[in-house]
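Reminder, nothing fancy here: chain letters follow the sequence lines and each chain counts from 1.
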Amino acid sequence: MKILNGEVYDPANGIDGEIRDVYIQDGRIVDHDAGGQTIDATGMVVMPGGVEFHAHVAGSKVNAGRKMCPEDHRDQVFAKTAITRSGVGHTIPSTFITGYHFAQLGYTTLMEAAGPPLGARHVHEEFNDIPLLDKGFFVLMGNNYFVLKFIAENDYSKLRDYVAWLLKATGAYAIKIVNPAGVDTWKWGRNVSSLEDKADTFPVTPRQIVVNLARVQQDLGLPHSIHVHCNNLGVPGNVGITIETLEAIGDMPIHLTHAQFNGYGGTDWTDIRSGAPELAEYVNAHENVTVDMGQVVFGPVTTMTADGPWQRRLHLLSGHKWYNADVEMETGAGVVPYKFSKRNAVNAVQWATGLELALLVEDPWRMFLTTDHPNGGPFHAYPDIIKMLMSRDYRAEVIEGVHRRARTHSGLKDLGREYSLYEIAIITRAGPAKALGLKNKGHLGAGADGDVSIYPKVSDPKEMFSHPRYVIKAGELIAQDGRILVDKPGTTLYVSPEYDQQIESAIREEFEDFYTVTFKNYPVNYDHYLPHRKEVPCEP
Amino acid sequence: MQFDSVVCAFCGCVCDDIIVTVEDGQITQTKNACVLGKAWFLGHAQHQDISAARIAGQPASLEDAIDEAARILVGAHYPFIYGLSSTSCEAQRQAIALAEAINGTIDCCTSVCHGPSGMAMQGVGEPSCTLGEVKNRADLVVYWGSNPAESHPRHMSRYAVTVKGKFTPNGRKGRTVVLVDVRPTPSARAADIFLQIAPGKDFEVLWALRALVKGQRVEASALEGTGIAFEQITDLAERMKKCRFGVLFVGQGLTQSRGKHMNLTAAFLLANDLNSVTKFALIPMRGHGNVTGVDGVMAWQTGYPFGVNFSRGYPRFNPGEFTMVDVLSRGDADAVMTVASDPYANLPRMVRKRLEDVPLISLDSHESETTRIARVAFTTSTVGVNVGGTVYRMDNIPLPLTKVLASPYPSDEEVLGRLLARVKELES
C-alpha cells in the first residue's frame, strides 16, 4: 500500500507536518514503494493509528455496567450491516461496537485499564468479540493476597516471581494498582486514607505496595511502568497523597492514571479546587512520571473501578444505583452511573482540573489524552477535547457555559497554551505507545505496524478528528469515511516475564485453602482464549 | 484414565474439583461430585441410540437437517431462539449471531428464573461478591427462597457454610445460618434459624427488615399474615447488623413468587442498607450450569442480559415483550429453536400449545419432551463431557470445561455455526 502526498505527523521520528509518502508491505511500514493499493492523501493529515492508553472496555465490571444500565443503551444503537455486527451503548457500548467505534475515530490499539486475575478469561472472551483493534489489559495487583503477603514477609524474590507468574497466568500486559491496601480493607467495609495506613489481610502500607511493585516492574523489564490509581481518588485535597505517592517512588518509572481524579486541592466539597498546578509542577520536574488526563465530559457516564470504597461513597453522594463485586483474594469492583453537569460546582472544578493539567504539563510525551472511559466520559468525546486543547478561543467559549467555579477554582481561564497537531499526535498515539513500550506502535518508521489514520485537513479539529477519511490497520483499509469495511479480529498483546517455577509450590497450599477454584483451572489457556496473540518482549 | 480438576457444568455452583475416571469409553466413576453432578457425568456417558439429526422424527443427514432448519428460520416472520443455559459460551455466541442474522428474538432461561433479579439490579444495583469472599469472611449466611441442599448440594460445604477460609477458621461453628422459605425443606436441617414465611409475603418482610436495619419503628401489626413473628424479625435484623460479613443468597422462591422483581429490589436494597452498618453482600442462586454465562455473553454482545429482539437490525430489550413465556403465550413467534433446554416439559400450557403449532427446531444432548415434538432435532455432544468451552459460575467467575470423552455427535457450537453459515447463504 502507498499513501501519497499526505501531511505527515510522526513525532517519534521527528516528522512535523512534512508532505511525504508512507509505504506498507506485509502489514508493516517500509521505506520504499512496494506497490499495492494507492491512497491519495493530498490535503490530508496522516498519523500513526491511535493508541488508547486507558479505557474500561472489557471484563466483569464493564459487563456488570452493561447489565445494570439499559438506559445507557437506547441512546446509541447500531444496526447490523452486510459486514458488521449490531450493538448498542453510549458510555458502555457492547463489544462489537466498541471495536468499530474506536476504529471509526482512527484508533487501532486499545488497553483495557483493569481486570481481576480471576476474571482474566472473561476479559479475553470479550477481547475476542472486540474486532479490528490490537488489545491488552492491565491486571489488578495492588490488593492481591500474595502480593501483600510477600511484601509483609519481606520476601522480594517471591514477590517478583509471583508477579511474573500472575502476568503469565492471566495473559495480561501490565501491573495495575488501584487504591493500594484500601480495597483489601474495603472487604471489611473500611478504607485507608494515608500512605502509612495498613491493609487488613497483611500489615502492609500503600507506600510499601507501590514501591515494591515498581521495583518488580523494573527487575522484570516489563514494557510498561506500574499503572497507578492512587488512594483517596475523587476526594477533595487528594493531590497531596498523589504527590506523596510519586515521591515515594523516587526515580522509578510510574504512570499516574486519570490524574484529574487524583488532582484536587481544597479540604471538602465546598472549597474543592483544581490541584493541577501542584501536580503539574511535580510532573514537570520528574521525568520518571507519566500521566493521563481522565478528562471529565459533561453528560452521562458510567463510573467503574476496582476502588470499591470510592464507588460506595459516590453511590451515597449521588444516590445513583450501586453495583459492588469484591473478588476473593484479589481485588474489588464497583459501578455507579453518574452524570457530570455543567451547573454543578464540583463537576465544573473536575472538568477544569483535567484541562488545566493537560495544559500545564509541559512535555506531551508524558501526558496522554484519556477520559478514563467510561468514568470521566465516553471515548467518543475525544475530538471535542482535542479541540479544547488546540483552541483557547473554543475553551473560552465553553467555560462561559460552565459553573463559575471552573473559573474561580482553577487556573484554566488564564492558560493560553494551544496544542499543535504534532502535540496531539503525541498525546493520542506516539506518547502512549512509547509509555506502553510498544515499539511497533505509534510511529510510521520502517518496521512499525502498518496502522495509519488519515484525517481530512479542516480548520475545526473536532470535525477533523471525528471523521477520519481512511483508517488502516496492519496494511489493510478497515474504515473509510466512517464506514467499517472489514470485520476481523485484532491481536491480543501480552508479556511473558521469566520466573522461578518454584513460585507455584510456594503459593499452592494457600491458594487451594482460600480460593474457590482449583490451582489447575486458574491460568488462562492461551490457545483457547488468546487465539490471535503477540508477546511483547521484556527487557530485564 | 483419570481427569482431575474437571469442571461440573450441571448447576450454578460450577464446582471445578471433580475427578472423573474414564474406562473403555465410559465414565465409570466421579469423585467430589455431588449426587446431581455424579448423575450428570455418569448419565451423559451412556451410549444413546439416536441419530445426530432427525426431521419429523425420521433420521436425516446433518446436512439435510441444517438446510431444513435454516429454511424454517429464514422463512419465519418472528423466529425465536430460546434456552442456552446449559451450553458453553462459545455456543451461546453462535446462537446470538444466528438470532441477529435472522432478525429474530433470543431469550435464555434467565427470563423464567432470575430475570427478576436482573431487573432489580437495573433498578437499584447489586452489592455482591465472589463465593470465595463468603468462604473466607462470612459469619452470617441467609438463604431466602432457596433450597441449596437439593438444588445446589455442594453450595454449603464448598462455598458458604461448613467450609473453612482465611478469616473463618472454625467453619460451620463460626457461622450463623438462616433459612427463609415457605416450607421446611431439607436445607432447614442445616440452618440455625428457620423462618417459615407465608407464601407471597416476602416483600413485606424484607421491607420491614429494611426499616428495622435503618432504626425505624415497625409496628408488630405490619407483620400480620406474613408467618413471621415480630421477635423473629427483630432478631434477624439485629443479627444482620451485628455480623462482621453477611451474605444473602436469593433463590427462585423470591424471583418467581408474587412480587417478583419487587421482592428482589427489596432484597438488594436491604443488602445495600446493611453496608452502612457492616459489610454485606447478595448473590443470586443461579440454577443451570451456564445460565450466568449466557447473561454475560448476551450483555457484552447485545447490551442486554436476556429477552433481546433484533427485528430492527439492532438489539432491543423488553422483559414481557421479548421474553419466551410472553411471546409464545401471545402466539407471536412463528418458528422456535431451543438450545440445551426443555421448555415443552417445563413452561406453561399456552407456551406448550404454541410449541406444538409452530415449526420447532431443537438442539439437545439427550431426548426430551421438546426434542420429541421438534420438526428438526439435532442430538449434540454434551458440553463439559464431550466438548470443552467456558462456563460462568453464579458469581460470574469463568471456568474452563474439559473434554473427557469423545462423542459421535457434533457440538452445539458446530451445529449453530453451520446453521448460521447456511442461513447466510440462503439470505444472499
**OP:** Determine whether more than 12 heavy atoms belonging to other residues, nucleotides or ligands lie under 6.0 Å from atom NZ of A:K149.
**Re:** yes
Original post:
When you look at NZ of B:K166, are more than 12 heavy atoms from neighbouring residues, nucleotides or ligands closer to it than 6.0 Å?
Top reply: yes
Residue part contacting chain B, namely of [X], when any heavy atom lies under 4.5 Å:
{"X": "A:A64", "result": "both"}
{"X": "A:F514", "result": "both"}
{"X": "A:Y529", "result": "side chain"}
{"X": "A:N521", "result": "both"}
{"X": "A:H315", "result": "side chain"}
{"X": "A:E330", "result": "neither"}
{"X": "A:T98", "result": "neither"}
{"X": "A:S60", "result": "neither"}
{"X": "A:Y522", "result": "neither"}

Top contributor to chain B interface from [options] [non-hydrogen pairs under 4.5 Å]:
{"options": "A:H528, A:K520, A:R85, A:H73", "value": "A:R85"}
{"options": "A:R121, A:K321, A:E125, A:R190", "value": "A:E125"}
{"options": "A:V327, A:N128, A:N324", "value": "A:N324"}
{"options": "A:Y515, A:W188, A:W322", "value": "A:W188"}
{"options": "A:A82, A:P70, A:G87", "value": "A:P70"}
{"options": "A:D129, A:V88, A:V335, A:V524", "value": "A:D129"}

Hey, are [Y] and [X] close enough side-chain-wise for a donor-acceptor pair under 3.5 Å?
{"X": "B:D295", "Y": "B:T110", "value": "yes"}
{"X": "A:T201", "Y": "A:D184", "value": "yes"}
{"X": "A:Q311", "Y": "A:T303", "value": "yes"}

Heavy-atom pairs under 4.5 Å with chain A: which of [options] has the most?
{"options": "B:V124, B:N103, B:N275", "value": "B:N275"}
{"options": "B:N136, B:N272, B:I397", "value": "B:N272"}
{"options": "B:S276, B:A281, B:G388", "value": "B:S276"}
{"options": "B:R312, B:E90, B:K164, B:R316", "value": "B:E90"}

Considering only heavy atoms, which portion of [X] lies under 4.5 Å from any heavy atom of chain A: side chain, backbone, both, or neither?
{"X": "B:Y392", "answer": "side chain"}
{"X": "B:A97", "answer": "both"}
{"X": "B:T302", "answer": "backbone"}
{"X": "B:I96", "answer": "both"}
{"X": "B:F280", "answer": "neither"}

Does any non-hydrogen side-chain atom of [Y] lie less than 4.5 Å from one of [X]?
{"X": "A:M68", "Y": "B:Q122", "answer": "no"}
{"X": "A:D72", "Y": "A:P300", "answer": "no"}
{"X": "A:Y323", "Y": "A:V336", "answer": "no"}

**OP:** Check whether the ring centres of A:F137 and A:H124 lie less than 6.0 Å apart, and answer yes or no.
**Re:** yes
**OP:** Take B:F317 and B:F322 through the test ring pair (Phe, Tyr, Trp, His ring centres under 6.0 Å) and record every step on the way to the result.
**Re:** CA-CA 7 Å; B:F317 165 76; B:F322 302 130; 8.6 Å; no
Subject >> B:H155: partners by ring pair (Phe, Tyr, Trp, His ring centres under 6.0 Å), with sequence neighbours left out >> reply: B:Y143, B:F249
Original post:
Which residues satisfy the ring pair (Phe, Tyr, Trp, His ring centres under 6.0 Å) test with B:F3, sequence neighbours excluded?
Top reply: none
Subject >> Candidates B:T390, B:I106, B:T87 - the one meeting side chain to side chain contact (heavy atoms under 4.5 Å, CB included) with B:Q92 >> reply: B:T87
**OP:** Please say whether the positively charged group of A:K168, taken as NZ for Lys or CZ for Arg, lies over the ring of A:Y526, i.e. under 6.0 angstrom from the six-membered ring centre and within 45 degrees of the axis.
**Re:** yes
